[in-house]
Amino acid sequence: MPRSILLKNVLMLVTMDERRREIPGGWILIQDRQVARIGTADETPPDATEIIDMAGHVVMPGMVNTHHHMYQTLTRVIPGAQDVSLFGWLRTLYPIWAGLTPEMIRVSTCTAMAELILSGCTTTSDHLYLFPNGSRLDDQIEAAATMGMRFHAARGAMSVGESRGGLPPDSVVEDERDILRDMQRVAETYHDPSRLSMRRIVLAPCSPFSVSRDLMRETAALARATGTMLHTHLAENKSDIDYCRDAFDMTPAQYAEDVGWLGPDVWHAHCVRLDDPGIAKFGDSGTGIAHCPCSNMRLGSGIAPVRRMMAHGVNVGLGVDGSASNDSSHMLAEARQAMLVSRLRDNDDSMPMMRARTVLGLATRGGATVLGRDDVGHLSPGMAADLVAFDMRGIEYAGALSDPVAALVFCTPGHVALSIINGRVVVRDGHLVTCDVTQLAQRHNRLAHTLLNESPGA
């Protein structure tokens, strides 16, 4: 008999399916890696190998994180990088990051994933674009496998250092021929395009100010030859816009189009300063955007025009961004911030306020679309068994049960009581079962101290 899990007596089962059904008192049956059946309170639930009573809990699809830099958990709130905008922040941190080691990549990946999972995220991407001291994307992929999280690993790159007019120091850039060879290697070794895949590879030169136009074009060709997706940073702040105009005599969207970086197999992080013609190009081409409101405010970059993007048909997901510019990896907190800053930005009567259910949609279905997934992001038979449950009986939700779904976003962002990824319980009774988080934090803090105080660039 296949292993099965039944979640019953759910306070509110949020499916995010095509009809956006919310089922009070509902139940959901998981068999192996997939959702098998969903039922209402009036329907008798089937038997299962394991039955979990979800009284008092909201159950929803696991959230999808579309942009992160997990190694940055090692450099949160670094003095000198707390109160500066993007380019000053990067110049402060690049020399420190030059001391990263393979062990640091592995441990920081586990730390970021632990935080993401506990916040309700079940699928994540990560944009790793620094590979000093023998570090490889393999280090991150191996660590991710131990955490049990669905993972899109982005092989990033920087190739244009200060001596060639780029922003990063020459010590952290790579030769472009080496970059392309390694991109092809990781794609051929690790990319799994199958439905319900736990691991996919993304090709991801870092930004217009750290790679050449040739590398962008060649990476696009390689991605399309290997069936992988493309990801980069774009139009993050005014300095980013100025660089594109000075270096390429183009807007960021024009540059993206020129190098072949538009289409449903591409998503760009931030796009805070994307202009109206650029928004139209993205919408017409099916290009995706990772909206990262916490980081954008932390660095003073601005507030992305998400409502306008959505009105033009742009695919939008949420991303926590790097933990040195957030400084958190909490997906539910990111959804809350996305709702609040949208209300601040679009505070006239020309459009309705951003709703709690809308941002939960961005965090689930929206993120899945951005990452090119048709098997995660909502709950219905045949979908991946990726779901999370929040216990609504705590003090933080007292008085909010007239609408427990909206309460997830409006109230204090909480941690999950239960998380199931790929049909496997990874959080039970609020505790992560794939690692000891106390020991992980201790090891992480030792490595962070070493990076900050003993690495050559510190």
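Basis for what follows: all heavy atoms, side chains included, without hydrogens, waters or symmetry-related copies. Since this is a predicted model, take the numbers as computed values, not measurements. One-based numbering along the sequence shown.
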Not counting sequence neighbours, list each pair that qualifies as a salt bridge (Lys or Arg N to Asp or Glu O under 4.0 Å) and has a residue in residues 137-155. Arg106-Asp139, Arg136-Asp138, Asp138-Arg185, Arg150-Asp386, Arg155-Glu174, Arg155-Asp182

4.5 Å side-chain heavy-atom contact, Ile241 and Thr251: no

Within the side chain of Asn326, is there an N or O that forms a donor-acceptor pair under 3.5 Å with the backbone of Cys294? no

Whether the side chain of His152 engages the backbone of Arg200 through a donor-acceptor N/O pair (distance < 3.5 Å, no angle test) should be reported. no

With distance as the sole test, does Thr73 use its side chain to make a donor-acceptor pair with the main-chain N or O of Met70 at under 3.5 Å? yes

Considering residues, nucleotides and ligands other than Asp249, do more than 12 of their heavy atoms fall under 6.0 Å from its CG? no

Tell me the closest heavy-atom pair linking Ala98 and Val172, and the distance in Å. CB-CG1, 3.7 Å

Is there a side-chain contact (heavy atoms from CB on, under 4.5 Å) between Ser239 and Leu86 once you walk through the steps? CA-CA 8 Å; Ser239 297; Leu86 176 63; over 6 Å; no

Straight-line distance of Leu100 CG to Tyr71 OH, nearest 0.5 Å: 7.0 Å

Evaluate side-chain contact (heavy atoms from CB on, under 4.5 Å) for Arg224 paired with Leu230, printing each intermediate quantity in order. CA-CA 9 Å; Arg224 282 154 188 153; Leu230 292 162; 3.9 Å; yes

Applying side-chain contact (heavy atoms from CB on, under 4.5 Å), run through Met149 and Ile117 and close with a yes or a no. CA-CA 8 Å; Met149 198 170 196; Ile117 291 169; 3.8 Å; yes

Roughly how far, to the nearest 0.5 Å, is NE2 of His191 from CD of Gln184? 13.5 Å

So with a 6.0 Å cut-off around CZ of Arg343, is the heavy-atom count from everything else above 12? yes

With a 4.5 Å cut-off on side-chain heavy atoms, are Asn237 and Leu299 touching? no

Taking Ser329's backbone N and O only, do any of them form a donor-acceptor pair with His68's side chain (distance below 3.5 Å, no angle check)? no

Within the distance-only criterion (no hydrogens, no angle test), does the side chain of Asn422 pair as donor or acceptor with the backbone N or O of Arg424 below 3.5 angstrom? no

Arg307 vs Arg345 side-chain heavy atoms within contact, under 4.5 Å: no

Interatomic distance, Cys435 atom SG to Met113 atom CE [nearest 0.5 angstrom]: 11.5 Å

Whether Thr109 side chain and Ala144 backbone form a donor-acceptor pair below 3.5 Å: no

Salt bridge (Lys or Arg N to Asp or Glu O under 4.0 Å) assessment of Arg195 paired with Asp374: CA-CA 8 Å; Arg195 198 164 191 276; Asp374 64 359; 3.7 Å; yes

Would you check if the side chain of Asp321 reaches a backbone N or O of Ser325 as a donor-acceptor pair within less than 3.5 Å? no

Closer than 3.5 angstrom, by distance alone: can the side chain of Arg213 be matched with the main-chain N or O of Tyr255 as a donor-acceptor pair? no

Minimum heavy-atom separation for Ser419 and Thr122, please, with both atom names. OG-CG2, 3.9 Å

So which heavy atom on Gly317 is nearest to which on Thr66, and how close? C-OG1, 3.9 Å

Do the side chain of Asn296 and the main chain of Val272 share a donor and acceptor less than 3.5 angstrom apart? no

Using ring centroids (six-membered ring only for Trp), state whether His69 and Tyr129 fall under 6.0 Å. yes

Please examine the side chains of Val211 and Ile179, heavy atoms only from C-beta on, and report whether any two atoms are closer than 4.5 Å. no

Scanning both residues in full, the closest heavy-atom pair of Cys121 with Met331 reads CB-CG, 3.6 Å

Measure the spacing between CE of Met104 and OG1 of Thr75 and express it to the nearest 0.5 Å. 11.0 Å

Going through the checks in order, is the side chain to side chain donor-acceptor pair (under 3.5 Å) test met by Asp214 and Ser212? CA-CA 5 Å; Asp214 285 344; Ser212 73; 5.2 Å; no

Arg365/Glu18 ion pair, N-O < 4.0 Å: yes

Side-chain contact, heavy-atom cut-off 4.5 Å: Leu332 with Val416? no

Please report the closest heavy-atom contact between Ala204 and Ala154, naming both atoms and the distance. CB-CB, 3.8 Å

Atom NE2 in His268, atom NE2 in His233: separation rounded to 0.5 Å? 12.0 Å

Side-chain contact, heavy-atom cut-off 4.5 Å: Tyr190 with Arg199? yes

Pro208 side chain reached by Leu234 side chain, heavy atoms, under 4.5 Å: yes

Over all atoms of both residues, closest heavy-atom pair of Ser328 and Val320: O-CB, 4.0 Å

Any Ser207 side-chain heavy atom under 4.5 Å of Glu236 side chain: no

Rounded to the nearest 0.5 Å, what's the gap from CZ on Phe87 to OH on Tyr243? Could you check? 8.0 Å

Sub-3.5 Å donor-acceptor pair from the side chain of Asn315 to the main-chain atoms of Val370, do we have one? no

Give the intermediate values and the outcome of side-chain contact (heavy atoms from CB on, under 4.5 Å) for residues His444 and Leu74. CA-CA 7 Å; His444 185 98; Leu74 293 158; 3.7 Å; yes

